[in-house]
Amino acid sequence: MDFLDKLNNQQRAAVTAGNGPVLVVAGPGSGKTRVLTQRIAYLIAEEGVRPWQILAVTFTNKAAREMGERVKKLLPDQAIEGIMLGTFHSICGRILRRETEYLPIQSNFVIFDTDDQERIVKNVIREFNINEKLYRPASVLGAISRAKNELITADDYPTQTYRDEIVKRVYAEYQKRLVASNAVDFDDMLMYTARLLEENPSVRDKYAQRFRHVLVDEFQDTNLAQYALVKQLASFNRNIFCVGDPDQSIYAWRGADWRNVQRFEQDFPDAQTILLEQNYRSRQTILDAAMGVIDRAHNRRKKKLFTDRGEGEKIFFYEAPDDYAEASFVVDTIAQLVASRQFEPGDCAVMYRTNAMSRLIEEAFLQARLPYRLVGAQRFYGRREVKDIIAFLRLVHNPADEASLDRVINVPPRGIGDKTLTTLHLVARQNNLQPGHVLLDLARGKESPYWESFSGRAALPLADFGGMLATWRTAALSLTVPELFDRVVKDLGYKEYIDDESEEGEDHWENVDELRRLTLEYSTRTLDEFLENIALVSDQDTITEGNVPTLLTLHAAKGLEFGAVFIVGLDDGILPHSRSFDEPEGMEEERRLFYVGITRAKDKLYLIRSIQRGGRGSQEETFPSRFLDDIPADLLIGKTRTGRAMRGAPAETKWAIHTRTQSASVIETQFRAGTRVKHSSWGEGIVLDSKIQDDDEIVDVVFNSVGIKRLSASLANLKII
DNA sequence: AAGTGCTTGCTTTTT
DNA sequence: GCAAGCACTT
Ligand SMILES: Nc1ncnc2c1ncn2[C@@H]1O[C@H](COP(=O)(O)OP(=O)(O)OP(=O)(O)O)[C@@H](O)[C@H]1O
């Protein structure tokens, strides 16, 4: 196995570790993921393990796909056929579909997304006459989700306060409705599987015996349910291999629990712990900055991060006059980096705390006519038209699905309003049926025993829709997924409904078209597979294509690496986010999030903030992120020791406009980004950017003494050195 | 039932 | 500043 030569000793020890439990704990860029993939290859090639005896779990589809590709590079295709490699949820999905005989649901169950969940919780809260203002569906749902992640059922839900009592009641009813809808939510997938394996030795042994090796990536982000799951799956062979980094734990808010390491050590006392030390990704300056930030975290063992990739360049710090300037600075700088051939566009990434922050950055890219790729942000799967069509298909597949029915029963408007819907629910409840079943029966018209419950005006559209659903269900038996899709869209007159010839309408129709393209991959597969995939895949899984910069949240950046990284919005209140101000735990997680962002950079790191920012309404003054103080000042350029270095000249608020004039310029610039210059009073500095404006050259320079200044080349006496 | 216009309250992060 | 949610009208 020649690839073993390229590993350092510790990495090799991890890849070739013998049987038994192994825990690899190591910092960013130390090759954890690399070790995990190579171990898969090693087990197959050297240890005679069959591919289907290997289970490898990741958190995101993207990570799973990437790992699959990396293994493919090491071994021939047929040698890796059958590896069970996927996210926790997709693996649970596969197990659950086969084992429904032990579960309260049937094998055609559907997976509820957050929208569906909220819809059900809202229904329950309303029916229980609970104050929606006091008990926000999202917050109640959060409590339910946390409970499920800890494997706590509604019956076991602890009630210390009155609020707990309410949550418990909602939880119980919510769960009942999920089961009645023949549906599971994301958390159920983990909890059902974990409980199934725990309570049913024969099922557990079937899987535990099959998987000779279980490997888990990003172990620091597992919650209790996930831990229980892998523990059960590894219970027979005890070959469990986990890699993780406590400093990169950024998902505690959704139940991730680093105490799983302690549980692991308790449950597998014979575990070997392997530490990887050397960083192969980043320059030392970047690692030093990262250490500055993470060393201030509490309750952790100090780790030294080192590399032999050299010191590298200093970290750029830029304080923009406002958030528009912040965005155009990023785009301008990327353009410069590309123009000067320092980086490919695809080597650059822009990271931010919240999805909403992508908007200004995108606008700046659009204005500069530069392409980019946006990860996440519900751009496609969150669109109304996409969700609608999926809801129709889900109903065809599983008419019991209450969330989908409520969503689309009146789409396009067919005269079924709130009143009728409420009656439908009531009638269903009285007859111990799901609303969807009553609807299907109403298709028989006056024959149906439920017909009388509705006024004539309400019964007709219900019967109509019920009839349509019934014909789709029959058609689904003989049609392929794309054929069914076309049939549904045509019968609904969905195009006429959404495409009103306006630009927006066309946009919406394009999304439907895109969804149709996705069904084409399922021409030879079942509706079931299509729906499961759609439920588990998300906008986060944007495929890397094209050599263009990536825009993504810090969370989405975990596990990735880029040549040049821009972290924007380094203001207190954004990073750290204001919602974490009053919880020390949350604040620590914000710190780790920043750490994760910094350590994505291979060669160049830009830390950016804006001294004022458009909150809701007008621009508001902001303050630098407290984490910036933890980076040793000598690693940064563009910032004086006193902090607030460059107050923007008034003209700078028009930066975005300058950018546009730039492309129209005829005269050559005298200065280029990266050029070292000297100024009579400010001394030495480095050119950040230069452009022609009104027959003059406007140069942005970072001076060692005063930070970034904007100068006119004709007035300022700048010398190239 | 559905459309209009006004009020509210809101913004982490994701499978 | 905006979207969702509400009351009120037709
Ligand atoms: N022994 C090695 N020789 C050369 N390059 C290496 C070696 N080990 C790892 N690398 C490189 O270092 C980079 C980081 O590796 P990898 O992504 O596996 O790290 P990681 O520990 O999973 O990082 P993180 O925790 O930050 O996601 C990759 O580009 C990888 O190819």
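Letters go in sequence order (proteins before strands), and every chain restarts at 1.
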Asks: What is the distance from NZ of A/K148 to P of B/dT15, rounded to the nearest Å?
Replies: 18 Å
Asks: Whole-Å distance between B/dT15 P and A/D217 CG?
Replies: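 The distance from CG of A/D217 to P of B/dT15 comes to 15 Å, rounded to the nearest Å.
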Asks: Rounded off to whole Å, could you give me the CZ-to-P distance for the A/F594 and B/dT13 pair?
Replies: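 Answer to the nearest Å: 19 Å.
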Asks: For B/dT13, is there a stacking contact with A/Y251, counting only centres under 5.5 Å and planes under 30°?
Replies: no
Asks: Ignoring backbone atoms, establish whether A/T60 has a side-chain N or O less than 4.0 Å from OP1 or OP2 of B/dT14.
Replies: no
Asks: Could you give the side-chain donor-acceptor pairs of residues 134-148 of chain A under 3.5 Å, partners two or more places apart or in another chain?
Replies:
from   : atom 1 : to     : atom 2 : distance (Å)
A/S139 : OG     : A/R163 : NH2    : 3.0
A/S145 : OG     : A/D187 : OD2    : 2.9
A/K148 : NZ     : A/Q175 : OE1    : 2.8
A/K148 : NZ     : A/D185 : OD1    : 3.4
A/K148 : NZ     : A/D185 : OD2    : 2.7
A/K148 : NZ     : A/D188 : OD1    : 2.8
A/K148 : NZ     : A/D188 : OD2    : 3.3

Asks: Between A/T114 and A/E583, which is nearer to the 5' end of DNA chain B once each is assigned its nearest nucleotide?
Replies: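 Between the two, 5'-proximity favours A/E583.
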Asks: At 4.0 Å (heavy atoms only), tell me whether A/K122 reaches a base, stays on the sugar-phosphate, or touches nothing.
Replies: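 Sugar-phosphate only.
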Asks: Taking for each residue the nucleotide of DNA chain B with the nearest heavy atom, is it A/H577 or A/K133 whose nucleotide lies nearer the 5' end?
Replies: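 Taking each residue's closest nucleotide, the earlier one in sequence belongs to A/K133.
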Asks: By nearest atom, which of the nucleotides B/dT11, B/dT15, B/dT13 is closest to the A/R579 side chain?
Replies: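 Taking heavy atoms from C-beta onward, the closest nucleotide is B/dT11.
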Asks: Give A/R592 one of three labels, base, sugar-phosphate or nothing, depending on what nucleic acid heavy atoms sit under 4.0 Å from its own.
Replies: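 Nothing, no heavy atom under 4.0 Å.
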Asks: For A/L554 and B/dT14, what is the distance between atoms CG and C1' respectively, to the nearest whole Å?
Replies: 14 Å
Asks: Without decimals, in angstroms, what is the distance between A/N355 CG and B/dC10 P?
Replies: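 For the pair A/N355 CG and B/dC10 P, the rounded distance is 19 Å.
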Asks: Between the protein and nucleotides 1-6 of chain B, list every N/O to N/O distance that falls short of 3.5 Å.
Replies:
from  : atom 1 : to     : atom 2 : distance (Å)
B/dA1 : OP1    : A/G417 : N      : 2.7
B/dA1 : OP1    : A/T420 : OG1    : 2.9
B/dA2 : OP1    : A/G415 : N      : 3.1
B/dA2 : OP2    : A/N410 : ND2    : 2.8

Asks: Name the one of A/K122, A/R383, A/R407, A/R384 that satisfies salt bridge (Lys or Arg N to Asp or Glu O under 4.0 Å) with A/D115?
Replies: A/R407
Asks: Nearest whole angstrom, please: distance from the P of C/dA4 to the CD of A/E118.
Replies: 12 Å
Asks: Tell me which one of A/N123, A/T420, A/D406 satisfies side-chain hydrogen bond (donor to acceptor under 3.5 Å, both in side chains) with A/H425.
Replies: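 One option only clears the test, and that one is A/D406.
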Asks: Rounding to a whole Å, what distance do you find between A/E620:CD and C/dG1:C1'?
Replies: 12 Å
Asks: Could you tell me whether A/F88 contacts a base, only the sugar-phosphate backbone, or nothing, with contacts defined as non-hydrogen atoms closer than 4.0 Å?
Replies: nothing
Asks: Using both distances under 3.5 Å as the test, list the Watson-Crick or G-U wobble partner of B/dA1, or none.
Replies: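 Its partner is C/dT10.
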Asks: In whole Å, I'd like the distance from the CZ atom of A/R146 to the C1' atom of B/dT13.
Replies: 14 Å
Asks: Which value, in whole Å, describes the distance between the P atoms of nucleotides C/dC6 and B/dT11?
Replies: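 That atom pair is separated by 15 Å.
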Asks: From the set B/dT11, B/dT15, B/dT13, return the single nucleotide nearest to any side-chain atom of A/T354.
Replies: B/dT13
Asks: Under 4.0 Å between a side-chain N or O of A/R136 and OP1 or OP2 of B/dG9?
Replies: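 The answer is no; no side-chain N or O of A/R136 sits under 4.0 Å from OP1 or OP2.
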